[in-house]
Chemist: 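Here it is, the structure, as structure tokens.
The analysis underlying the following values was restricted to heavy atoms, covering all of them including side chains, and did not include hydrogens, waters or symmetry mates. Ligands are counted one by one from 1 in listed order, and the atoms in each one are counted from 1 as well. Computed from a prediction, not measured in an experiment: that's the story for all the values here.
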Amino acid sequence: MSRKASDNVEYTLRSLSNLMGEKRRRQADGSAGSGAAAGERSLIAAESCSSLNSAASGGELERAARRQFQQDETPGFVYVVSVFSALGGFLFGYDTGVVSGALLLLKRELNLDALWQELLVSSTVGAAALSALAGGVLNGLCGRRPCILLASGLFTAGSGVLAAARDKETLLAGRVVVGLGIGVASMTVPVYIAEVAPPHLRGRLVTINTLFITGGQFFASVVDGIFSYLAKDGWRYMLGLSAVPAVIQFLGFLFLPESPRWLIQKGQTQRARRILSQMRGNQAIDEEYDSIKNNIEEEEKEVGAAGPVICRMLTYPPTRRALIVGCGLQMFQQLSGINTVMYYSATILQMSGVEDDRLAIWLAALTAFINFIFTLVGVWLVERMGRRKLTLGSLTGTAVALIILASGFLLSAQVSPRITLNPTDPSHQNSTCTKYSYCNGCMLDPDCGLCYKLNKSSVVESSCIPVDKDSTMKAAWGRCSNETVFKKEDLFWAYNFCPTPYSWTALLGLILYLVFFAPGMGPMPWTVNSEIYPLWARSTGNACSSGVNWVFNVLVSLTFLHTAEYLTYYGAFFLYAGFAALGLVFIYGCLPETKGKKLEEIESLFENKLCTCGMSDSDEGRYIEYIRVKGSNYHLSDNDASDVE
Ligand SMILES: O[C@H]1[C@H](O)[C@@H](O)[C@H](O)[C@@H](O)[C@H]1O
């Protein structure tokens, strides 16, 4: 039955307490276990919308009882399964985060030039983009569990290759293998968790995956900090350590089950029922099972099963709209510049007066920690505020923080110190550095740094000098070329930043950025994508949107330095603020609320025109309650008329 057809009919539960009483009475009668199909009954109480409103207090009572009921019934197994899957998120975060610290050491030991450094970073992200797309097909054909096993296998193999690498070519191969694992994990894990989670916990459990991503990034920055003290082979530990969680996940998933929804779709109904009851503890699963099954059949009737899934998705308006929303969310997540903010956090911190490179590494770990802790806030908020409000609030704060961050750079550029000395290059190579008259130009040139003295707090005796090829901590020649000597002589070396009194504004912007971004824009694109597609389109939809995430990740991080060169730092951050503003309009118009809805109900949110998706918010108060009594068991859930028997 079409969901629209049910719009004019409102169902509500008339007397939950009576039924609770009935349940208890039946249990006392010892009639449990008499759940023969013949004894199955459905109790549906229907009421008009107005009567629903008038029975407000009764409704609250019902809802409270219902919440209690759900809480009582969520078995620990769902959490175990979610945490094991989210190790994929941890590896995603760890392997993307660890490379910056590893590169500092690799650069010296393997003599890597800029091109090779860039290759080692972007090969992983590029491979992730490709394998996320391919992961869609694999998910559909083989199921979620084999894909998670494949991803953890790739993570293990990749980190083994990286830890043992003897040359840069082997390192590149290892980074590609790890990237393939990241791509498959990034699209499979949210889908798997969403499919095994009960509706009232789904948002929270999928968001835990992003918590693991940011946790992995934080852990990577701590590992980077620790092993940066090791003169030789520190990078082997940094890159090899991810084998540990990968092996744990692989072993765990040898014993964990397939997604029951995928199994039902493939006709393996007995196995699906068994797994579903394992996931739901002692709750009756008939209603959920029937609803999934009916939904699959209904969808096949509506959309047909012929032709490639992506074509069916694009020609069927609800899935087309969902795909636009899903890909748009992922695109705006990356266009708001999260990875440049994370990547350049050390620079931003240095700008605000942190002189020491090591300290900057540890403070970058602090940045990753803020990202992690505020993702935890997201886990807490997602089932309270809902996806839509959380994403809108988060993106608004992100845009404001970007403006503050950009203003910090702008103010710093405006009072950028003048360059007063022009020493001649002893090797007589014509360096571009000597042409700059202000620190700002010098800072934006990746080959140059500023050597200066401080008189009270103003910069004096400043010169723009080429940076040492092996360490950004000193100049290639001249007064600032020997760290111990120049520090003794009260000289300072600024690479990538200009010492100004406004640098703290950028630091404030950075902190605010993470505080706002991490709870909403960080996790919600992944969470929403895991739930907005119907089963037949879920793996393909997630493959496309994860692919979009990775492609924009590469684009934004690779173009940041050039963007900063052409538009300056403040121009780049104003640009991201502009993208965030566009994202706000998009999300305001298009993102429906999916909180608490069953996966099978969500498709109907995309039945209206794309820009009216937000309107479904107002439907929050209207819902249908459905109760099935089977033997002594009854089960209730948010539901729609298509489940009515
Ligand atoms: O959701 C995650 C998270 O926000 C990470 O911190 C970021 O590095 C990823 O690109 C993003 O997809």
Side-chain angles (χ1 to χ4, degrees), residues 86 88-100 121-122 124-129 132 179 182-190 193 203 206-221 224 326-345 364-379 382 387 390-391 394-395 397-398 401-402 510-511 513-530 542-558 560 576 579-580 583:
F90 181 86
L91 288 159
F92 158 177
Y94 184 87
D95 281 316
T96 47
V98 81
V99 71
S100 57
V121 177
S122 26
T124 308
V125 186
I182 296 179
V184 176
S186 70
M187 67 124 320
T188 311
V189 171
I193 300 180
V206 180
T207 307
I208 284 181
N209 184 49
T210 315
L211 182 71
F212 272 54
I213 298 178
T214 53
Q217 289 173 329
F218 168 57
F219 189 70
S221 60
D224 276 357
C327 293
L329 272 174
Q330 293 286 24
M331 179 180 84
F332 282 114
Q333 180 198 64
Q334 293 302 320
L335 286 180
S336 342
I338 175 65
N339 289 308
T340 58
V341 170
M342 293 283 284
Y343 189 60
Y344 288 91
S345 61
L366 184 72
T367 316
F369 183 68
I370 302 179
N371 193 18
F372 168 65
I373 282 296
F374 280 88
T375 312
L376 194 63
V377 174
V379 173
V382 63
R387 294 34 160 175
L390 185 55
T391 314
S394 159
L395 194 52
T398 303
L402 278 167
L510 172 81
I511 294 172
Y513 181 97
L514 292 168
V515 166
F516 281 108
F517 182 92
M521 268 318 270
M524 285 312 108
W526 298 106
T527 305
V528 169
N529 267 289
S530 72
N542 274 276
C544 293
S545 59
S546 310
V548 166
N549 181 292
W550 289 111
V551 168
F552 277 89
N553 187 332
V554 185
L555 278 180
V556 174
S557 5
L558 280 189
F560 179 70
Y576 299 143
F579 286 138

Chemist: Just to verify, what does T124 make a side chain to side chain donor-acceptor pair (under 3.5 Å) with, not counting sequence neighbours?
Modeler: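 If we apply the side chain to side chain donor-acceptor pair (under 3.5 Å) test to T124, skipping adjacent residues, the hits are R175.
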Chemist: Could you go through residues 518-527 and list every donor-acceptor pair under 3.5 Å that involves a side-chain atom there, pairing it with any protein atom two or more places apart or in another chain?
Modeler:
| from | atom 1 | to | atom 2 | distance (Å) |
| --- | --- | --- | --- | --- |
| T527 | OG1 | T207 | OG1 | 3.2 |
| T527 | OG1 | P523 | O | 3.1 |

Chemist: Polar pairs, ligand 1 vs protein, N/O only, below 3.5 Å.
Modeler:
| from | atom 1 | to | atom 2 | distance (Å) |
| --- | --- | --- | --- | --- |
| ligand 1 | 1 (O) | Q333 | NE2 | 3.0 |
| ligand 1 | 1 (O) | G522 | O | 2.8 |
| ligand 1 | 1 (O) | W526 | NE1 | 3.1 |
| ligand 1 | 6 (O) | Q217 | OE1 | 2.8 |
| ligand 1 | 6 (O) | N371 | ND2 | 3.1 |
| ligand 1 | 8 (O) | Q217 | NE2 | 2.8 |
| ligand 1 | 8 (O) | N339 | OD1 | 2.7 |
| ligand 1 | 10 (O) | Q334 | NE2 | 3.0 |
| ligand 1 | 10 (O) | N339 | ND2 | 3.0 |
| ligand 1 | 12 (O) | Q333 | OE1 | 2.9 |
| ligand 1 | 12 (O) | W526 | NE1 | 3.2 |

Chemist: Between L514 and F374, is the side-chain contact (heavy atoms from CB on, under 4.5 Å) condition met? List the steps.
Modeler: CA-CA 7 Å; L514 292 168; F374 280 88; over 6 Å; no
Chemist: Indicate the atoms forming the closest heavy-atom contact of S221 with A368, along with that distance.
Modeler: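 Answer, listing the atom of S221 first, then A368: OG-CB, 3.8 Å.
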Chemist: Output all residues satisfying ring-ring contact (aromatic ring centres under 6.0 Å, His included) with F212, sequence neighbours left out; order by chain, then residue number.
Modeler: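 For F212 there are no ring-ring contact (aromatic ring centres under 6.0 Å, His included) partners, ignoring immediate neighbours.
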Chemist: Should we say atom CZ of F219 is surrounded by more than 12 heavy atoms from elsewhere, each under 6.0 Å from it?
Modeler: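 For F219, atom CZ is not crowded (no more than 12 foreign heavy atoms under 6.0 Å).
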